[in-house]
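Values reported hereafter were calculated over all heavy atoms of this structure, with side chains retained and with hydrogens, waters and symmetry mates removed. Reminder, nothing fancy here: chain letters follow the sequence lines and each chain counts from 1.
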Amino acid sequence: MNSDLPHKEVVHTRFAPSPTGFLHSGNYRTAVFSFLFAKQHEGLFSLRIEDTDTQRSKKEYEDAIIDSLTWLGLTWDTHTRQSENRQRHRELLKKLIASNHAYISQETGAGDERKEVIRFRNPGGIVSFIDIIRGEVSVDVSDLGDFVIAKSIDEPIFHFAVVVDDADANITHIIRGEDHISNTPRQILIQRALGFSTPQYAHLPLILAPDHSKLSKRKGARPLTVYRDMGILPEALLNYLALLGWNRGDDREFFSREELIKAFSLERVQKSGAQFDETKLLSINRHWMRQLSVDEYISRGALNAPRESERLHRVVPLLKERVHTFEQAQELLNGEFSFLFEKIITIDRDILLKKEPLGNTETTRTHLVEIKKKIETFSETPTFEKVHDTLMPYADEKGRAQVLWPLRYALSGAIHSPDPFIIISIIGKKESLQRIDSALAVL
RNA sequence: GGCCCUAUCGUCUAAUGGCUAGGACAUCACCCUCUCACGGUGGUAAUCGGGGUUCGACUCCCCGUAGGGUCACCA
């Protein structure tokens, strides 16, 4: 790949967001691709904050960008701000004017104010470039006219500043959103006027919102922290984002950060836009949550529950089996699974007797008493296997529904819950016996 | 509207002239089962339309159509 690259040249990509709002997943995906590409080629990945729009740039947004990149594990090699390069911008702007590639233009602004801007002298003609993802793209730049490159000698605008900063940083590959594709020709024009070489370009397809509209900063753009707050793992989001518009060419879907670095290639990036599908993200997140050890699961999910932490540890396997996010895990702990941590649970006589065959209480009472005797033989925290293997034969003999339903209900106080064996192994011998006793008391 | 880009199941995608068009998520059915969940098995579901090129097109070309991007003294 990119065999036309000079051997000594170090691959250098950059992520250049403007801190004028919260970035959305589409923006971060371009960062993901830039990062993966650079690291795969053992190159550099830089972060450059494009803060030349002083009116709208805010520290708060820059901090959010840094937080999110760090959280995703997209570590950068250098971190600069476009505003730091003011000196250089001015110098080259002057050079361009001196060489007659640009000129100061008198404009009549709103009202009678006369204002000056700096315009680029457009040579016209066809400008074409090779996009790694799309192939050759050519545009007739004549209809661009003499476009503005600076508001004043001290205020370069985007097109000019980008060209200068990328060249100064020796950026070799510009990987950015498709919305920049039509900006590229004019930036190439500026490069030529300045005597810079043209880097390689790769324009990524945009990510669409579920309604097919463009994911925009104004509509629905939320900081990436919403995913962290939902209890999405960064490795899951990274995995999902990488898969959105890229695949290795086979059926493989789960990739760790390191595996992505190895497997990624720009050539296999999709040309068309993709919708962001939160459901799929959730299923990938479940996969990565299941990979975690019990300790990691609790600490990374910041999970908490009343009672000793041993009990929470025993509940984790149940959590793994049914939730897609840590937020859901904590909800389960607080709600549906709270019976596992409570001292007293309420039993409804009718529900307890739901499977009673004789229409009275006798069968249910007998079963619970028999089960109690077996539980007596357990250690305080028996394993699931031990509980299952001891109680199941009895249930099979007497009828699973008649034995297991009242037992499970007595232990959980819930119509829906995990099976009684796992409950006993979680709450322990002593509490199991207590709960069965309270159930017997209502009969 | 001009210019540019794109077009395979609902969604993400595989198949770069040669297979019953594959997988995943979602969905449905069945199985497992004391309930819930997990799991297992199977199913429904796609090449935007029309012309070419070719022995043969998802694949190549053209024309439509649709979607997206961009046309700033924002980035």
Side-chain angles (χ1 to χ4, degrees), chain A residues 16-21 27 49-53 55-57 82 105 107 109-110 115-119 131 133-135 137-145 147-152 155-159 161-162 176-186 203 205-208 210 212-214 217 240 243-254 268 270-284 286-287 290 317-323 332 336-337 351 354-355 392 395 399-409 412 414-422:
Chain A
S18 60
T20 54
N27 294 315
I49 303 291
E50 309 244 314
D51 58 350
T52 46
D53 185 341
Q55 301 292 314
R56 299 194 299 148
S57 294
Q82 194 155 56
S105 158
E107 313 274 321
K115 222 169 142 270
E116 291 180 350
V117 295
I118 300 171
R119 287 184 180 274
D131 187 286
I133 295 168
R134 286 154 221 284
V137 177
S138 39
V139 177
D140 185 346
V141 291
S142 305
D143 31 319
L144 256 38
F147 52 88
V148 174
I149 55 174
K151 293 186 229 180
S152 73
E155 300 166 285
I157 72 160
F158 172 67
H159 298 295
V162 162
R176 55 179 13 173
E178 191 182 34
D179 47 340
H180 283 294
I181 203 160
S182 51
N183 289 331
T184 307
R186 78 178 77 184
H203 288 95
L206 266 18
I207 291 184
L208 280 15
H212 265 103
S213 73
K214 181 192 177 188
K217 228 176 237 183
Y240 177 68
L243 237 39
L244 208 51
W246 171 85
N247 71 85
R248 206 180 59 163
D250 54 25
D251 292 340
R252 182 160 175 203
E253 292 206 302
F254 297 116
R268 288 205 62 89
Q270 204 72 15
K271 289 188 187 70
S272 54
Q275 286 183 45
F276 191 90
D277 180 10
E278 199 165 278
T279 310
K280 179 83 177 189
L281 202 212
L282 256 30
S283 89
I284 288 180
R286 184 173 73 159
H287 172 266
R290 285 176 169 180
L318 288 181
L319 261 19
K320 278 189 175 181
E321 141 182 328
R322 54 192 80 195
V323 302
L332 215 48
E336 210 179 311
F337 278 6
I351 298 174
K354 189 175 165 188
K355 310 275 183 176
M392 200 47 148
R400 288 187 179 183
Q402 285 71 50
V403 177
L404 267 16
W405 174 270
L407 174 61
R408 193 184 58 72
Y409 180 66
S412 66
I415 292 174
H416 301 309
S417 84
D419 69 73
F421 313 120
I422 190 80

Asks: Considering heavy-atom distances to RNA chain B, does A/Tyr240 or A/Ser272 have its closest nucleotide positioned more toward the 5' end?
Replies: A/Ser272
Asks: When you compare the protein's N or O atoms with those of nucleotides 42-47 of chain B, which come within less than 3.5 Å of each other, and at what distance?
Replies:
none

Asks: What string of B, S and - do you get for nucleotides 28-37 of chain B, 5' to 3', if B is base contact, S is sugar-phosphate-only contact and - is no contact with any protein heavy atom under 4.0 Å?
Replies: -----SBBBB
Asks: Determine the contact category for A/Asn183: base if any of its heavy atoms lies under 4.0 Å from a base atom, sugar-phosphate if only primed atoms, P, OP1 or OP2 are that close, otherwise nothing.
Replies: base
Asks: Could you give the distance from CZ (A/Arg268) to CZ (A/Arg248), rounded to the nearest 0.5 Å?
Replies: 10.0 Å
Asks: Just checking A/Arg290: base, sugar-phosphate only, or nothing, at a heavy-atom cut-off of under 4.0 Å?
Replies: sugar-phosphate
Asks: Strictly under 6.0 Å, is that where the ring centroids of A/Tyr240 and A/His287 end up?
Replies: no
Asks: CD1 of A/Ile422 to CG of A/Leu318: how many Å apart, nearest 0.5 Å?
Replies: 5.0 Å
Asks: For the residue pair A/Ser57 and A/Asp51, what are the closest heavy atoms and their distance?
Replies: OG-CA, 3.5 Å
Asks: For nucleotides 58-61 of chain B, tabulate all protein N/O to nucleotide N/O atom pairs closer than 3.5 Å, reporting atom names and distance.
Replies:
none

Asks: From the set B/rA14, B/rC5, B/rA24, return the single nucleotide nearest to any side-chain atom of A/Glu178.
Replies: B/rC5
Asks: Does B/rA7 have its OP1 or OP2 closer than 4.0 Å to a side-chain nitrogen or oxygen of A/Arg134?
Replies: no
